[in-house]
Amino acid sequence: MSDDQPSPPPRRRGRQPKTTPHQAHTVSVRLTEAEHCELATEAKDYRKSMGEVLRSVWAGTPDAARPPRPRTVEEVAQLRQLIGMAGNLNQLTKQLHAGHNVSEAARQVLVQLYRLLDDLAPDPTR
């Protein structure tokens, strides 16, 4: 470094400041093993900390207002398959308008489509 440039301030050591200064209080809660597993699973599903999950529930956030949980790899693959089927159905529609008989092919695509939609439907128990 040359003498013309000021030296950087010395690094501070010790604990980092809290990222959210308004959350300065800690509350301890005892959970059963099952409750802890359920909380950890929900936190992982929503990509939130356990504290964030508890605060959202305590604050009375309705389920409809919660952000949707991220899609699994399986769900992403199913959505891609759904997009492909929509394209196939669109091609069959064009062929139908051109005067071709596509009833059997359309029936097969629709059966696959309904199965996939059943798999993608949200689980009502959750």
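Being a predicted model, the structure only gives us computed values, none of them experimental.
- The shortest distance between side-chain heavy atoms of Leu113 and Leu116 does not fall below 4.5 Å.
- Proximity of Glu42 to Met50: side-chain heavy atoms (C-beta onward) are nowhere separated by under 4.5 Å.
- Across all their heavy atoms, Asp45 and Pro70 have their closest contact at O-CD, 2.7 Å.
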Can Asn101 and Leu96 be said to form a side chain to side chain contact (heavy atoms under 4.5 Å, CB included), step by step?
-> CA-CA 6 Å; Asn101 184 3; Leu96 179 66; over 6 Å; no

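- Distance check, rounded to the nearest 0.5 Å: CG of Leu82 to CG of Leu117 gives 5.5 Å.
- Within the 4.5 Å cutoff, the side chain of Asn90 has heavy atoms near those of the Lys94 side chain.
- Using a 4.5 Å cut-off between side-chain heavy atoms of Ile, Leu, Val, Met, Phe, Trp and Tyr, with links allowed through other members, Val76 and Tyr46 fall into different hydrophobic clusters.
- The closest side-chain heavy-atom distance from Glu35 to Leu39 is not below 4.5 Å.
- Thr93 places none of its side-chain heavy atoms less than 4.5 Å from the side chain of Val102.
- Within a 6.0 Å sphere centred on CD of Glu74, other residues, nucleotides and ligands contribute 12 heavy atoms or fewer.
- Residue Arg55 holds its CZ atom at 10.0 Å from NZ of Lys48, rounded to the nearest 0.5 Å.
- Within the 4.5 Å cutoff, no side-chain heavy atoms of Val27 are placed close to those of Leu54.
- Under the 4.5 Å side-chain contact rule for hydrophobic residues, Val109 and Leu79 share a cluster.
- Separation of atoms NE2 (His97) and CG (Leu92) is listed at 11.0 Å; rounding is to 0.5 Å.
- Put simply, CD on Glu38 and CG on Leu31 are 10.0 Å apart, with the number rounded to the nearest 0.5 Å.
- Atom CD of Gln81 and atom CZ of Arg115 lie 11.0 Å apart (nearest 0.5 Å).
- To the nearest 0.5 Å, the span separating CD on Gln78 from CZ on Arg71 amounts to 10.0 Å.
- A distance-only check finds a donor-acceptor pair linking the side chain of Glu75 to the backbone of Thr72 [under 3.5 Å].
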